[in-house]
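Notes to accompany the following structure.
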Amino acid sequence: QDPTAAHYMFQDDPFLMPRNAANSRLYSLSKESGKNAAKYIIKNFPQYFDKTLADPNVPCLMPETFTPQTEGVSEEALKERIHLRRVKESVDLFDQLVQAGTPLSLETTNSLLDLLCFCGDEESTSEKEEESKEDLEEPGVNASEQKAPRRQFQRGLQSSGPRWRENNHAERIFKIMPERNAHSYCTMIRGMVKHGAASKAYDMYIDLLNERHKADVHTFNALIRAVPYLKERFIERWELVKDFLTHMTQQEVQPNLLTFNAILKTLRRCGVVGRSMALLVIKEMEALDIEPSLATYDHLLSIFYRGIDLPRSGIVSEVLDEVEKRSFTPQDPDDANFFSTAMQVCCDLKDVKLAYRLNNAMEVGDNWKFLDVDRLNGYWSKFFSLLCMMEQIEFVLKWYKEMSFSFFYPTPKNILDLLQALDAASQLEVIPSVWDDVKQLGFTRRHEVLEEFLSLMSRDQHPEEIQLAFAKCAEDIRAAHEPAGREQVPLEWTGSALGSVVVLFSRAGRTQDAWNMMEHFQKTNRIPTEKVMDEFLNCAKQTNCPEEAIKLVKLAASLGLPSSQRLKSRTEEEFELSETQK
Amino acid sequence: KSTASKDSTTEGASKRQEGTAGTPKQKLLEIIGNMKVEVSYRKKLQELKASESKKQAMNRLEGPNGEGPQRTTEDLQRLNPELVKAASAVASSLPLNKKQTESELLAQLRRHEETTDKQRRVGTVNIRNVISEMTVKRQSPAQRGVRISRRISLEFDEDGQRLRPERFSSQSFDSRSLKEGKRLNIFTKASTEPERALETVSSPTIWDLEFAKEIAALTAQPPRNGFEEMIQWTKEGILWEFPIDNEVGMDDDAEFHEHIFLEKHLEGFPKEGPIRHFMELVICGLSKNPYLSVKQKIEHIEWFEKYFEEKKEFLQEI
């Protein structure tokens, strides 16, 4: 496999390969949204797609029949609509049936409750369905058919689904049910927890206990997840979790992996108590022969490695021991966070060896699949920053050449870290090539990046070719500051930036350019430093332009700088001036 | 703190050394020897105090408060005699004001003791605070609580002083390891009861289905190369499966001979004559027809049979 190539999904047209992180996301989303647009058309205009020419038929490319077949007001019709996930129609039909006095089986009512609690009482079209799910791995599934891909960015992080409204259909139906069984209570509790009504869920659970029903393991999992919203103090939260667990044993409900993951997730928000209890929970899991999943380890790392007071790397290396051994299958939606959290821990501990081990763990079996495009970018970005901090420059550059634009797209922070590493290793001649990459990535309008480049380049004198290359970069930066096009606001010059550009031009012997920059000083009301003016004078001397020197002296005098006198005398000494010029 | 007091007295001793010689060295060694005793004594006292405060925390919450200051005065009384003796020895050997130096040294030592006791007390106060927040219902949770709070207060103590870490460091290492340690002891391992498994929900609910979809989507990455793409397409049915099976999608459960050898269906027709001739041609055509199923072909033939039956009267006339 070619490590420097872009992802396969972009391999269509070399011009259309994404150059930075934003573009890569945009392109992958647009590819998916194209597919979704096609599906939308097939779904909404099935009459144009009724010829099945392919033999054998390819069902996934054909329109699906979503219209319910049974008509009339009957339990069968209700069941069908529930099956097709048509929320509004099901509720209407249910109301009609109840008004007509038709008896409905408990099972049907329960399945209607299931639908309502899962969907939070809103219409579950395919668009809403995708919105209410967690961030799916395949990029762009979130793209709705109607909206343009660009607006997907602004959607950002949406809350997971609609909120639980007061006295919505689910509650209403629950109240008017002639009989309820444990399943009814359980599904209500799960729905309330899912849509943010934690205290109601707890009340419902008390009702369930009063009716002497037994909850199932999924309900307990939901309740445990809701504990941080029920209690504030850490000790109280833990006590409540323990209460739920004791109820579980009393009701003879066996915990599963998700139970323990829920406990650990709650312990994440229990501070010190969480740290003391977490390992006890792990031992309990082991005693019950439940294999931990990646989410378990993710919660563990978050519990122990949060904040400033980091313990020694004992836990993380033990976790890595476990993870390296096998290939994980997804069992918990939180599994996908493990690798990002682990890499963050490695960065906080400043341990490169751990990071290499983590990379190896990711290569085992199917573990790589847990990182989607966004998470992958974050993961490698953190890894690269760690490398810049801790590794030698040859390795840093090797990784940079291989990884950037294929595995990940450097962030501005990565570029700054890289510059610092180059500075520490005194390899500033690499800077012009890094600048080319920065242009590709589109960071040319970021102040901190530009400042860092300019200050590093102008700090010391360098041999000739390097100086010329630096001057070229300076020219690009100057161009970035010019007003370009109608939309972009031109960047503001800072004093140091201007000074650096002048210095760079001067050292490369480009007197005219340097003088243009000096004029900018006056335009933008900034004062050049002494060093800058000395450099300019040196340049003028080298290129034998006494007029420029005189212009400089005039400028200094007009700005009222204290050094203008010194400059004047220096000019007189070093240049051969004619009488008029004096 | 012991090292600090050591330093001060050695300082004092070195000051004296400028004045006199010979005997100060002996005095110095004496003092250092006394100090060693004092340090080990201190450790013993610490352990005593720690175990006692544990017991007290279990029984009463108010206990340590009253007895704290008592103990410190006992300390002073127990330790000071030796130090006092050493201090007076130092003072007597000094040419200057004996009483003043003696009182100064003693005051310095007392100050050291006070600070150590204060900080020790601070440690116990931390435990007390945490315990008081925990509502102690029964004996065992309180015990566990004390142990937990000790670990918690260990964190407070860690940057302050190093009184306890040596004792608890081994414990804390174990408690931070995934391999060893205690468990919650809430659940017991269920015996695998097959009947229990059958009792569970018959059909998966919407929760289960959606959860399964979510989990599957976790690791559904876009294909990394052409092969993976083709695998995905084959799973979806877009690509044919290799080796290619001609009869995919065709659910014809009749064998080929049933299609071709259709003469057995001609038993209802006369054996000679134009009808037979006609039907044999029909059969010939049907056998070459790949589009009809066997059932349809039989229906065809039966239709002819019915038709000829109806028209029998007309045919008889011919």
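Every chain is numbered from 1, with letters handed out A, B, ... down the list of sequences. The figures here come from the full heavy-atom set of this structure, side chains too, leaving out hydrogens, waters and symmetry mates.
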- prompt: Can you list the residues that meet the salt bridge (Lys or Arg N to Asp or Glu O under 4.0 Å) rule with B:E302, with sequence neighbours excluded?
  reply: none
- prompt: Looking at A:R85 and B:E210, does any basic side-chain N land under 4.0 Å from a carboxylate oxygen?
  reply: yes
- prompt: Taking only residues two or more places apart in sequence or in another chain, which ones pass side chain to side chain contact (heavy atoms under 4.5 Å, CB included) with B:T234?
  reply: B:L239, B:E241
field: Aromatic ring pairing A:F244/A:F220, orientation class (parallel under 30°, perpendicular over 60°, tilted between)
entry: perpendicular
message: So for A:E236, is it side chain, backbone, both, or neither that comes closer than 4.5 Å to the heavy atoms of chain B?
response: neither
Under 4.5 Å from any heavy atom of chain B - which part of A:H218: side chain
field: Region of A:L258 in contact with chain B, defined by heavy-atom distances below 4.5 Å
entry: side chain
task: Measure distances from A:D332 to the heavy atoms of chain B and classify the residue's part below 4.5 Å as side chain, backbone, both or neither.
output: backbone
field: A:T187 portion near chain B, given a 4.5 angstrom heavy-atom threshold
entry: both
task: Could you tell me the separation between the NE2 atom of B:H265 and the CG atom of B:L286, rounded to the nearest 0.5 Å?
output: 9.5 Å
- line: Among A:L245, A:D335, A:I290, A:D366, the residue with the most heavy-atom pairs under 4.5 Å to chain B is A:L245
